[in-house]
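Have a look at the structure below before the remarks.
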Amino acid sequence: TTMEFGELLKVFLLDLQSLFRRRVSAGSLTLPQVLLISIIPDDGIDMTALSKKLGVDNSTATRLIDKIIQNGWAIREKGTADKRMTLILLTAKGELLQNEIEDRIDELGEELNSAIPLEFRDENKEVLSSFHWQVSKLLLKNK
């Protein structure tokens, strides 16, 4: 029997998380910390945008951020335009870690991509890109 699409999504997510935990979250980092550090842009991100990107509520994002700040990877800063806004910025130590995480993600991507026969690589990338687009549209619709 063929797997239903929902079931396929679930096992794909579980396997991808497992791979990320083993290959990207090496050391004392948790997967949520890895994802959090990897999405903080150079010019920082506000808490609301961060929560939305991670798909968690503000209190959960705050707990994650607190841990990252304790480890010296990020700082909180008041917004320049809006003092009520809190920006999260990576420290130099955090930027080094982010680069390390990105390198590990790239290595994993390369390894997976090179396992695909050459003639299917472009097509696979297009399918994955198209699938991501559909996921993004669904996220926007359900905000």
Side-chain angles (χ1 to χ4, degrees), residues 2-117 120-143:
T2 58
M3 220 183 275
E4 289 299 319
F5 200 75
E7 181 68 17
L8 197 53
L9 278 177
K10 182 185 80 179
V11 296
F12 181 64
L13 177 63
L14 288 169
D15 287 349
L16 201 52
Q17 279 186 303
S18 185
L19 259 179
F20 263 70
R21 278 197 176 92
R22 286 187 206 149
R23 302 288 296 281
V24 182
S25 311
S28 58
L29 286 171
T30 65
L31 183 58
Q33 287 172 339
V34 162
L35 295 174
L36 173 61
I37 290 166
S38 72
I39 63 171
I40 299 174
D42 292 343
D43 56 350
I45 188 169
D46 70 271
M47 284 300 293
T48 307
L50 190 81
S51 299
K52 278 190 178 143
K53 254 189 160 171
L54 289 173
V56 298
D57 59 36
N58 272 339
S59 62
T60 303
T62 299
R63 279 195 302 277
L64 280 169
I65 287 294
D66 287 345
K67 198 79 182 133
I68 282 173
I69 289 172
Q70 278 173 18
N71 285 311
W73 297 319
I75 56 167
R76 274 190 184 88
E77 210 174 77
K78 288 285 170 214
T80 42
D82 183 351
K83 294 289 180 211
R84 294 168 302 175
M85 192 174 9
T86 302
L87 271 184
I88 305 302
L89 295 152
L90 289 175
T91 60
K93 187 178 166 188
E95 285 177 17
L96 282 173
L97 182 58
Q98 187 183 61
N99 291 336
E100 213 176 288
I101 288 168
E102 284 170 6
D103 288 347
R104 288 187 204 149
I105 291 170
D106 288 344
E107 281 170 25
L108 179 58
E110 263 318 299
E111 191 178 329
L112 285 167
N113 195 40
S114 65
I116 298 164
F120 299 120
R121 286 182 194 168
D122 286 345
E123 186 186 345
N124 269 12
K125 197 172 175 184
E126 274 178 45
V127 167
L128 206 51
S129 190
S130 168
F131 182 67
H132 176 248
W133 174 245
Q134 294 306 321
V135 170
S136 298
K137 285 196 323 196
L138 192 59
L139 270 173
L140 282 172
K141 201 170 89 179
N142 293 321
K143 274 191 177 173

What's the verdict on salt bridge (charged side-chain N to carboxylate O under 4.0 Å, His left out) for E7 and K10, showing C-alpha distance, side-chain angles and the deciding distance?
-> CA-CA 5 Å; E7 181 68 17; K10 182 185 80 179; 3.4 Å; yes
Taking [Y]'s backbone N and O only, do any of them form a donor-acceptor pair with [X]'s side chain (distance below 3.5 Å, no angle check)?
X: E77; Y: L87; value: no
X: R21; Y: L31; value: no
X: S38; Y: L35; value: yes
X: S130; Y: E126; value: no
X: S136; Y: H132; value: yes
X: T86; Y: K78; value: no
X: R23; Y: I105; value: no
X: T91; Y: G72; value: yes

For I116 and N113, what are the C-alpha separation, side-chain angles and deciding distance, and is it a side chain to side chain contact (heavy atoms under 4.5 Å, CB included)?
-> CA-CA 5 Å; I116 298 164; N113 195 40; 4.2 Å; yes
By side-chain hydrogen bond (donor to acceptor under 3.5 Å, both in side chains) - contacts of D66 (at least two apart) =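 Scan of D66 (side-chain hydrogen bond (donor to acceptor under 3.5 Å, both in side chains), adjacent residues dropped) gives R76.
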Could you list the residues that satisfy side-chain hydrogen bond (donor to acceptor under 3.5 Å, both in side chains) with T62, not counting sequence neighbours?
-> none
For N99, does the CG atom sit with more than 12 other heavy atoms under 6.0 Å from it, leaving out its own atoms?
->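 Result for CG/N99: enclosed.
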Atom CD of Q134 with >12 non-hydrogen neighbours under 6.0 angstrom =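 Atom CD in Q134 is crowded, with more than 12 foreign heavy atoms closer than 6.0 Å.
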Would you please test L97 and N71 for side chain to side chain contact (heavy atoms under 4.5 Å, CB included) and show each step?
-> CA-CA 11 Å; L97 182 58; N71 285 311; over 6 Å; no
Distance, nearest 0.5 Å, that separates [atom1] of [X] from [atom2] of [Y]:
X: E107; Y: L112; atom1: CD; atom2: CG; result: 12.0 Å
X: Q17; Y: D15; atom1: CD; atom2: CG; result: 10.0 Å
X: I45; Y: M85; atom1: CD1; atom2: CE; result: 11.0 Å
X: S25; Y: L19; atom1: OG; atom2: CG; result: 11.0 Å
X: E100; Y: L29; atom1: CD; atom2: CG; result: 8.5 Å
X: I39; Y: L50; atom1: CD1; atom2: CG; result: 5.0 Å

Nearest atoms (heavy-atom pairs only) where P32 meets L64 =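 Scanning both residues, the minimum pair turns out to be CB-CD2, 3.6 Å.
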Closest non-hydrogen atom pair, Q33 against I68 =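 Minimum heavy-atom contact is O-CD1, 4.0 Å.
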Residues which pass salt bridge (Lys or Arg N to Asp or Glu O under 4.0 Å) with E123, listed by chain and number, not counting sequence neighbours = none
From CA spacing to verdict: side chain to side chain contact (heavy atoms under 4.5 Å, CB included), L89, I40 | CA-CA 7 Å; L89 295 152; I40 299 174; 5.9 Å; no
Evaluation steps, side chain to side chain contact (heavy atoms under 4.5 Å, CB included), between F131 and L9 | CA-CA 11 Å; F131 182 67; L9 278 177; 3.2 Å; yes
